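Everything below concerns the one structure shown next.
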Amino acid sequence: MRDIKNIEEFQSKIKRIIITEEQIKKEIEKVGKQISDSYDGRPFLLVSILKGSFVFLADLCRAITVPCEIGFMCAKSYYSGTVSTGKVEITMDLDRDISDYHVIIVEDIIDTGRTLKYVAELLKSRNPLSLKIVTLLDKPSRRVIDLKADISLFTIPDYFVIGYGLDCDEYYRNLPYIAEYDEMVE
Ligand code: IMP
Ligand code: MG
C-alpha cells in the first residue's frame, strides 16, 4: 500500500508561492479572450494533455466565450525523481478524428520540450486544419529540443514547480497556486 504523506511533511516541501491564484486568473482571462477572438466561427478542439493540464484546461475553457470542443490525451513522461528521462508514452488517446478541427494543445509546462514535441508530431500526422500550442508555464532554460508554444502564460526559471495541476510524485496537483518545490527538505 502507498504511504500517505502527513500534512507537516506535505507542507514542508512547499518552498514558496511563485504564481498566485489571482495572477493565474488574470492571464487566463486574457488568453481566453484572445482564443475566442481568433477562433470564433471555426470548429476547434482544445486537447488537454493529462494529467498536468486538467486544472488549467478547466479554467481556460471557461474563459473562452465561443463554441469549442474538448478532448483529452494522456502523455506520461517518465521521471527519475524530478528529472525527465525523455521517454514518453501515450497512455490514453483522443476519441475522435481531428482532421475537421483546428486543434489547440493545452499543456501545463514545457520543460525539455520532449513531451510536447512527441505529442505535437503525432497530432500533426493526423492532419488537423491547424495546430497551435498553449502552455501555462514555460521553462526555456531547460529546453533540449527546439520547440516554442504559440501562447505561453508564464515564463519561469529552472525551478521544479508544483500546484495547479502539476505534481511531484502525484501529490500537490490540488494546490490552487504554483509553488516552488523544496527538494532539500527531507
Ligand atoms: P518535458 O518533456 O521535459 O518538456 O516535460 C514535460 C512534462 O514534465 C510536463 O507535462 C510535466 O508533467 C512534467 N514537468 C516538467 N517540469 C515540471 C515541474 O517543474 N513540475 C512538475 N512537473 C513538471
Ligand atoms: Mg507530471
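Remember, it's 1-based here, ligands and their atoms both numbered in the order they're listed. Since the structure is predicted, the reported quantities are computational estimates derived from the model, not experimental observations.
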Original post:
Which ligand 1 atoms does Glu107 reach within 4.0 Å, using its non-hydrogen atoms?
Top reply: 10 (O)
Original post:
Which ligand 1 atoms are under 4.0 Å away from a heavy-atom of Tyr159?
Top reply: 19 (O)
Subject >> Winner among Val144, Leu147, Ile109 once heavy atoms are compared against atom 9 (C) of ligand 1 >> reply: Ile109
Original post:
Are Arg143 and Asp146 ion-paired here, with the side-chain N under 4.0 Å from a carboxylate O?
Top reply: no
**OP:** Considering only NZ, NE, NH1 and NH2 on the basic side and carboxylate oxygens on the acidic side, decide whether Lys117 and Glu121 come within less than 4.0 Å.
**Re:** yes
Original post:
Quick one: does Gly52 get within less than 4.0 Å of ligand 1, heavy atoms only?
Top reply: no
**OP:** Show which atoms of ligand 1 fall inside a sub-4.0 Å distance from at least one heavy-atom site of Arg114.
**Re:** 2 (O), 4 (O)
Original post:
Near Leu166, which atoms of ligand 1 are under 4.0 Å from a heavy atom of that residue?
Top reply: 20 (N), 21 (C), 22 (N)
Original post:
Would Arg126 and Asp93 pass as an ion pair if we require N to O under 4.0 Å?
Top reply: yes
Original post:
At under 4.0 Å between heavy atoms, which part of Leu116 makes contact with ligand 1: side chain, backbone, both or neither?
Top reply: neither
Original post:
Salt-bridged, Lys15 to Glu183, with N to O below 4.0 Å?
Top reply: no
Original post:
Does the side chain of Gln34 come within less than 4.5 Å of Ile151's, by heavy atoms?
Top reply: yes
Subject >> Basic-acidic side-chain contact under 4.0 Å: Glu69, Arg96 >> reply: yes
**OP:** Please say whether Phe160 places an N or O atom under 3.5 Å from an N or O atom belonging to ligand 1.
**Re:** no
Original post:
Does ligand 1 have a heavy atom under 4.0 Å from the side chain of Lys139, from its backbone, from both, or from neither?
Top reply: side chain
Original post:
Nearest to atom 10 (O) of ligand 1 by heavy atom, Ile145, Asp108, Thr115, Thr135: which?
Top reply: Asp108
Subject >> Glu29/Lys26 ion pair, N-O < 4.0 Å >> reply: no
Original post:
Which part of Tyr181 is near ligand 1, with near meaning a heavy atom under 4.0 Å away: side chain, backbone, both or neither?
Top reply: neither
Original post:
What do we get for Asp111 next to ligand 1 when only non-hydrogen atoms under 4.0 Å count, side chain, backbone, both or neither?
Top reply: both
Original post:
Between Asp182 and Lys13, is the closest basic N to carboxylate O distance under 4.0 Å?
Top reply: no
Original post:
Are Arg42 and Phe44 in a cation-pi contact, defined as NZ or CZ under 6.0 Å from the six-membered ring centre and within 45° of the axis?
Top reply: no
Original post:
At a 4.0 Å threshold, what atoms of ligand 1 neighbour a non-hydrogen atom of Thr112?
Top reply: 1 (P), 2 (O), 3 (O), 4 (O)
